[in-house]
Protein chains: 2
Amino acid sequence: MQHAYNVYEDRCPTRMVLDRLADKWAVLILDRLQDGPVRFNHIRRDIKGISQKVLSQTLRRLERDGLVSRSIFPTVPVTVEYALTPLGSTLTDTISALSHWAEKNMDAVLAAQHAYDQTRDAG
Amino acid sequence: MQHAYNVYEDRCPTRMVLDRLADKWAVLILDRLQDGPVRFNHIRRDIKGISQKVLSQTLRRLERDGLVSRSIFPTVPVTVEYALTPLGSTLTDTISALSHWAEKNMDAVLAAQHAYDQTRDAG
DNA sequence: CGGGATCCATATCGATACTG
DNA sequence: CAGTATCGATATGGATCCCG
(Lines give C-alpha, C1' and ligand atoms only; values in the text may rest on other atoms or scores of the structure.)
Protein backbone atom coordinates (compact mmCIF):
# COMPACT_ATOMS: atom_id res chain seq x y z
CA MET A 1 0.00 0.00 0.00
CA GLN A 2 0.95 3.65 -0.34
CA HIS A 3 2.01 5.89 2.51
CA ALA A 4 -0.65 6.73 5.01
CA TYR A 5 0.59 10.31 4.93
CA ASN A 6 0.76 13.07 2.40
CA VAL A 7 2.06 16.58 2.56
CA TYR A 8 -1.36 18.00 3.40
CA GLU A 9 -1.57 16.08 6.68
CA ASP A 10 -0.63 17.84 9.86
CA ARG A 11 2.24 16.53 11.98
CA CYS A 12 3.17 13.83 9.50
CA PRO A 13 6.76 12.98 8.55
CA THR A 14 6.26 14.38 5.07
CA ARG A 15 5.31 17.74 6.44
CA MET A 16 8.34 17.68 8.71
CA VAL A 17 10.57 17.06 5.72
CA LEU A 18 8.99 19.87 3.77
CA ASP A 19 9.36 22.11 6.76
CA ARG A 20 13.11 21.58 6.60
CA LEU A 21 13.36 22.12 2.86
CA ALA A 22 11.15 25.16 2.80
CA ASP A 23 13.73 27.22 4.62
CA LYS A 24 15.58 30.08 2.98
CA TRP A 25 18.93 29.22 4.55
CA ALA A 26 18.66 25.52 3.76
CA VAL A 27 17.90 26.33 0.13
CA LEU A 28 20.85 28.68 -0.12
CA ILE A 29 23.22 26.22 1.51
CA LEU A 30 22.12 23.26 -0.61
CA ASP A 31 22.41 25.48 -3.66
CA ARG A 32 25.90 26.51 -2.65
CA LEU A 33 27.04 22.90 -2.18
CA GLN A 34 26.15 21.84 -5.70
CA ASP A 35 29.60 22.42 -7.15
CA GLY A 36 31.40 20.26 -4.61
CA PRO A 37 32.57 20.23 -0.99
CA VAL A 38 32.88 23.57 0.75
CA ARG A 39 34.33 24.56 4.09
CA PHE A 40 32.37 26.16 6.88
CA ASN A 41 33.73 29.67 6.70
CA HIS A 42 33.70 29.57 2.94
CA ILE A 43 29.95 29.05 2.96
CA ARG A 44 29.67 31.71 5.61
CA ARG A 45 31.45 34.22 3.41
CA ASP A 46 29.57 33.29 0.26
CA ILE A 47 26.08 33.42 1.68
CA LYS A 48 25.94 37.04 2.67
CA GLY A 49 24.15 37.79 5.87
CA ILE A 50 24.01 34.33 7.39
CA SER A 51 25.19 34.22 10.96
CA GLN A 52 27.55 31.55 12.19
CA LYS A 53 24.90 30.23 14.53
CA VAL A 54 22.28 29.81 11.85
CA LEU A 55 24.76 28.29 9.43
CA SER A 56 25.86 25.83 12.06
CA GLN A 57 22.30 24.91 13.05
CA THR A 58 21.14 24.52 9.48
CA LEU A 59 24.13 22.40 8.50
CA ARG A 60 23.52 20.19 11.53
CA ARG A 61 19.89 19.68 10.54
CA LEU A 62 20.78 18.95 6.93
CA GLU A 63 23.38 16.47 8.14
CA ARG A 64 20.86 14.79 10.41
CA ASP A 65 18.39 14.60 7.55
CA GLY A 66 20.99 12.79 5.47
CA LEU A 67 21.24 15.55 2.87
CA VAL A 68 24.69 16.84 3.72
CA SER A 69 27.85 15.05 4.84
CA ARG A 70 30.48 16.45 7.16
CA SER A 71 34.14 15.51 6.77
CA ILE A 72 36.80 16.47 9.28
CA PHE A 73 40.44 16.70 8.30
CA PRO A 74 42.96 16.70 11.16
CA THR A 75 44.94 19.66 9.95
CA VAL A 76 45.99 22.50 12.23
CA PRO A 77 43.73 24.26 12.57
CA VAL A 78 41.08 21.70 11.76
CA THR A 79 39.41 21.64 8.34
CA VAL A 80 35.77 20.70 7.94
CA GLU A 81 34.16 20.11 4.58
CA TYR A 82 30.48 19.93 3.85
CA ALA A 83 29.14 18.19 0.79
CA LEU A 84 25.90 16.88 -0.62
CA THR A 85 25.15 13.23 0.02
CA PRO A 86 23.67 11.11 -2.79
CA LEU A 87 20.27 11.77 -1.23
CA GLY A 88 20.96 15.47 -1.10
CA SER A 89 22.05 15.41 -4.72
CA THR A 90 18.62 14.25 -5.77
CA LEU A 91 17.35 17.58 -4.50
CA THR A 92 19.70 19.88 -6.36
CA ASP A 93 17.60 20.24 -9.48
CA THR A 94 14.59 21.34 -7.47
CA ILE A 95 16.58 23.58 -5.19
CA SER A 96 18.42 25.36 -7.93
CA ALA A 97 15.18 25.72 -9.87
CA LEU A 98 13.81 27.60 -6.90
CA SER A 99 16.65 30.08 -6.56
CA HIS A 100 16.90 30.52 -10.30
CA TRP A 101 13.20 31.26 -10.46
CA ALA A 102 13.74 33.90 -7.80
CA GLU A 103 16.49 35.53 -9.83
CA LYS A 104 14.65 35.36 -13.11
CA ASN A 105 11.30 36.62 -11.88
CA MET A 106 12.49 39.09 -9.32
CA ASP A 107 11.49 42.03 -11.50
CA ALA A 108 8.00 40.70 -12.10
CA VAL A 109 7.46 40.15 -8.39
CA LEU A 110 8.76 43.60 -7.55
CA ALA A 111 6.43 45.13 -10.13
CA ALA A 112 3.49 43.17 -8.74
CA GLN A 113 4.29 44.36 -5.25
CA HIS A 114 4.47 47.94 -6.42
CA ALA A 115 1.15 47.66 -8.24
CA TYR A 116 -0.46 46.04 -5.22
CA ASP A 117 0.77 48.77 -2.91
CA GLN A 118 -0.45 51.46 -5.32
CA THR A 119 -4.01 50.17 -5.35
CA ARG A 120 -3.90 49.96 -1.59
CA ASP A 121 -2.69 53.53 -1.20
CA ALA A 122 -5.27 54.81 -3.68
CA GLY A 123 -8.10 52.83 -2.10
CA MET B 1 24.01 43.85 -18.38
CA GLN B 2 22.75 41.24 -15.99
CA HIS B 3 21.22 41.92 -12.61
CA ALA B 4 23.50 43.43 -10.05
CA TYR B 5 22.04 40.99 -7.53
CA ASN B 6 22.05 37.28 -7.09
CA VAL B 7 20.53 35.04 -4.49
CA TYR B 8 23.71 34.98 -2.41
CA GLU B 9 23.60 38.72 -1.78
CA ASP B 10 22.13 39.94 1.46
CA ARG B 11 19.10 42.22 1.42
CA CYS B 12 18.68 42.01 -2.34
CA PRO B 13 15.31 41.61 -4.05
CA THR B 14 16.18 38.11 -5.15
CA ARG B 15 16.73 37.03 -1.60
CA MET B 16 13.43 38.60 -0.60
CA VAL B 17 11.65 36.60 -3.27
CA LEU B 18 13.32 33.39 -2.18
CA ASP B 19 12.41 34.19 1.39
CA ARG B 20 8.76 34.19 0.39
CA LEU B 21 8.97 31.00 -1.62
CA ALA B 22 10.97 29.11 0.94
CA ASP B 23 8.03 29.00 3.31
CA LYS B 24 6.26 25.79 4.19
CA TRP B 25 2.80 27.32 4.07
CA ALA B 26 3.40 29.13 0.81
CA VAL B 27 4.59 25.91 -0.78
CA LEU B 28 1.55 24.02 0.44
CA ILE B 29 -0.84 26.71 -0.71
CA LEU B 30 0.70 27.08 -4.16
CA ASP B 31 0.69 23.30 -4.44
CA ARG B 32 -2.96 23.18 -3.51
CA LEU B 33 -3.92 25.81 -6.11
CA GLN B 34 -2.50 23.87 -9.02
CA ASP B 35 -5.75 22.19 -9.97
CA GLY B 36 -7.72 25.41 -10.25
CA PRO B 37 -9.36 28.11 -8.14
CA VAL B 38 -10.14 27.24 -4.55
CA ARG B 39 -12.09 29.07 -1.86
CA PHE B 40 -10.62 30.27 1.41
CA ASN B 41 -12.17 27.78 3.77
CA HIS B 42 -11.63 25.00 1.30
CA ILE B 43 -7.88 25.57 1.44
CA ARG B 44 -8.13 25.88 5.20
CA ARG B 45 -9.78 22.48 5.44
CA ASP B 46 -7.42 20.80 2.99
CA ILE B 47 -4.17 22.00 4.47
CA LYS B 48 -4.39 20.41 7.87
CA GLY B 49 -3.12 22.45 10.75
CA ILE B 50 -2.93 25.85 9.08
CA SER B 51 -4.56 28.56 11.12
CA GLN B 52 -6.92 31.05 9.55
CA LYS B 53 -4.56 33.86 10.43
CA VAL B 54 -1.55 32.29 8.75
CA LEU B 55 -3.59 31.29 5.72
CA SER B 56 -4.87 34.82 5.36
CA GLN B 57 -1.43 36.38 5.77
CA THR B 58 0.24 33.99 3.37
CA LEU B 59 -2.45 34.45 0.72
CA ARG B 60 -2.10 38.20 1.05
CA ARG B 61 1.64 38.00 0.53
CA LEU B 62 1.29 35.67 -2.44
CA GLU B 63 -1.27 38.04 -3.91
CA ARG B 64 1.02 41.01 -3.39
CA ASP B 65 3.86 39.11 -5.03
CA GLY B 66 1.67 38.53 -8.07
CA LEU B 67 1.61 34.76 -7.67
CA VAL B 68 -2.01 34.37 -6.63
CA SER B 69 -5.15 36.17 -7.71
CA ARG B 70 -8.15 36.88 -5.53
CA SER B 71 -11.65 36.96 -7.01
CA ILE B 72 -14.69 38.10 -5.07
CA PHE B 73 -18.18 36.97 -6.07
CA PRO B 74 -21.06 38.98 -4.60
CA THR B 75 -23.03 36.02 -3.39
CA VAL B 76 -24.61 35.88 0.06
CA PRO B 77 -22.52 35.14 1.92
CA VAL B 78 -19.63 36.35 -0.14
CA THR B 79 -17.51 33.88 -2.12
CA VAL B 80 -13.79 34.41 -2.57
CA GLU B 81 -11.70 32.33 -4.91
CA TYR B 82 -7.94 32.10 -4.99
CA ALA B 83 -6.09 30.99 -8.09
CA LEU B 84 -2.61 30.96 -9.53
CA THR B 85 -1.72 33.87 -11.79
CA PRO B 86 0.24 33.19 -14.98
CA LEU B 87 3.35 34.16 -13.04
CA GLY B 88 2.41 31.83 -10.23
CA SER B 89 1.82 29.05 -12.72
CA THR B 90 5.44 29.20 -13.81
CA LEU B 91 6.30 28.08 -10.30
CA THR B 92 4.08 25.03 -10.04
CA ASP B 93 6.55 22.55 -11.46
CA THR B 94 9.20 23.55 -8.97
CA ILE B 95 6.78 23.74 -6.07
CA SER B 96 5.21 20.37 -6.70
CA ALA B 97 8.64 18.87 -7.23
CA LEU B 98 9.49 20.00 -3.73
CA SER B 99 6.48 18.49 -2.00
CA HIS B 100 6.70 15.35 -4.08
CA TRP B 101 10.34 14.97 -3.12
CA ALA B 102 9.29 15.24 0.51
CA GLU B 103 6.74 12.48 0.10
CA LYS B 104 9.03 10.20 -1.87
CA ASN B 105 12.11 10.56 0.30
CA MET B 106 10.43 10.81 3.67
CA ASP B 107 11.53 7.31 4.64
CA ALA B 108 15.14 7.93 3.69
CA VAL B 109 15.20 11.15 5.71
CA LEU B 110 13.61 9.46 8.70
CA ALA B 111 16.15 6.67 8.51
CA ALA B 112 18.99 9.17 8.31
CA GLN B 113 17.66 11.02 11.33
CA HIS B 114 17.42 7.79 13.27
CA ALA B 115 20.96 6.78 12.36
CA TYR B 116 22.26 10.23 13.27
CA ASP B 117 20.54 10.14 16.64
CA GLN B 118 21.89 6.65 17.31
CA THR B 119 25.51 7.68 16.78
CA ARG B 120 24.91 10.66 18.99
CA ASP B 121 23.47 8.55 21.81
CA ALA B 122 26.28 6.02 21.50
CA GLY B 123 29.01 8.63 21.37
C1' DC C 1 39.33 27.27 11.64
C1' DG C 2 34.99 25.58 13.21
C1' DG C 3 32.18 25.79 16.08
C1' DG C 4 29.22 25.57 21.20
C1' DA C 5 26.92 28.41 24.99
C1' DT C 6 24.55 32.25 26.37
C1' DC C 7 21.73 36.47 26.40
C1' DC C 8 18.42 39.22 24.46
C1' DA C 9 15.40 41.44 20.76
C1' DT C 10 12.18 40.37 17.57
C1' DA C 11 9.20 37.62 14.55
C1' DT C 12 5.90 34.13 14.29
C1' DC C 13 2.05 31.58 15.53
C1' DG C 14 -2.23 29.87 17.91
C1' DA C 15 -6.28 31.17 20.24
C1' DT C 16 -9.90 34.18 20.82
C1' DA C 17 -13.21 37.69 19.77
C1' DC C 18 -15.56 40.46 16.45
C1' DT C 19 -17.39 42.05 11.61
C1' DG C 20 -19.56 42.79 6.77
C1' DC D 1 -18.23 32.77 4.33
C1' DA D 2 -14.09 35.30 4.67
C1' DG D 3 -11.80 37.62 6.88
C1' DT D 4 -9.40 41.64 10.67
C1' DA D 5 -7.61 42.83 15.40
C1' DT D 6 -5.50 41.73 19.49
C1' DC D 7 -2.91 39.20 23.06
C1' DG D 8 0.25 36.05 24.94
C1' DA D 9 3.38 32.07 24.35
C1' DT D 10 7.07 30.42 21.85
C1' DA D 11 10.43 29.97 18.23
C1' DT D 12 13.98 32.18 15.77
C1' DG D 13 17.89 35.05 14.93
C1' DG D 14 21.84 38.22 15.92
C1' DA D 15 25.61 39.47 18.89
C1' DT D 16 28.99 38.21 21.90
C1' DC D 17 32.24 35.35 24.37
C1' DC D 18 34.85 31.32 24.66
C1' DC D 19 37.28 26.91 23.37
C1' DG D 20 40.06 22.87 21.03
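In what follows, chains are A, B, ... by sequence order, proteins preceding strands, each numbered from 1. Keep in mind the model is a prediction, meaning the values are calculated, not measured.
Mapping heavy-atom proximity under 4.0 Å, the span of DNA chain D touched by chain B runs 5' to 3' from D:dC1 to D:dC7.
Residues A:Val27 and A:Met16 fall into different hydrophobic clusters, defined by Ile, Leu, Val, Met, Phe, Trp and Tyr side chains chained together at heavy-atom separations under 4.5 Å. Connection of A:Tyr116 to A:Val109 is not established within any shared hydrophobic cluster, with ILVMFWY side chains joined at heavy-atom distances below 4.5 Å, either directly or through further cluster members.
When atom types are taken as modelled, the side chain of B:Thr58 and the backbone of B:Ala26 share no donor-acceptor pair closer than 3.5 angstrom. Between the B:Ser96 side chain and the B:Asp31 main chain, no donor and acceptor come within less than 3.5 Å of each other. No donor-acceptor pair under 3.5 Å is formed between the side chain of A:Arg39 and the backbone N or O of A:Thr79.
Comparing the axis of the opening five pairs of the helix from C:dC1-D:dG20 to C:dG20-D:dC1 with that of the closing five pairs yields an angle of 50°, rounded to 10°.
When all heavy atoms of A:Val7 and A:Leu18 are compared, the pair lying nearest together is CG2-CD2, 3.6 Å. Between A:Gln52 and A:Arg44, the closest heavy-atom pair is N-NH1, 3.3 Å.
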*A:Asp117 and B:Arg64: salt bridge (Lys or Arg N to Asp or Glu O under 4.0 Å), yes or no, with the steps?*
CA-CA 8 Å; A:Asp117 294 344; B:Arg64 188 172 106 98; 2.5 Å; yes
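Residues of residues 41-63 of chain A that place a heavy atom closer than 4.0 Å to DNA chain C, in numerical order, are A:Asn41, A:Gln52, A:Lys53, A:Ser56, A:Arg60.
Between the CG atom of A:Asp19 and the P atom of C:dT12 there is a distance of 14 Å, given to the nearest Å. One can place CZ of A:Phe40 at 5 Å from P of C:dG3, the figure rounded to the nearest angstrom.
A donor-acceptor pair shorter than 3.5 Å can be found between the side chains of A:Gln113 and B:Asp65.
If you check every strand for non-hydrogen atoms under 4.0 Å, A:Phe73 touches nothing.
Taking 4.5 Å as the limit, some side-chain heavy atom of A:Thr92 sits within range of a side-chain heavy atom of A:Leu84.
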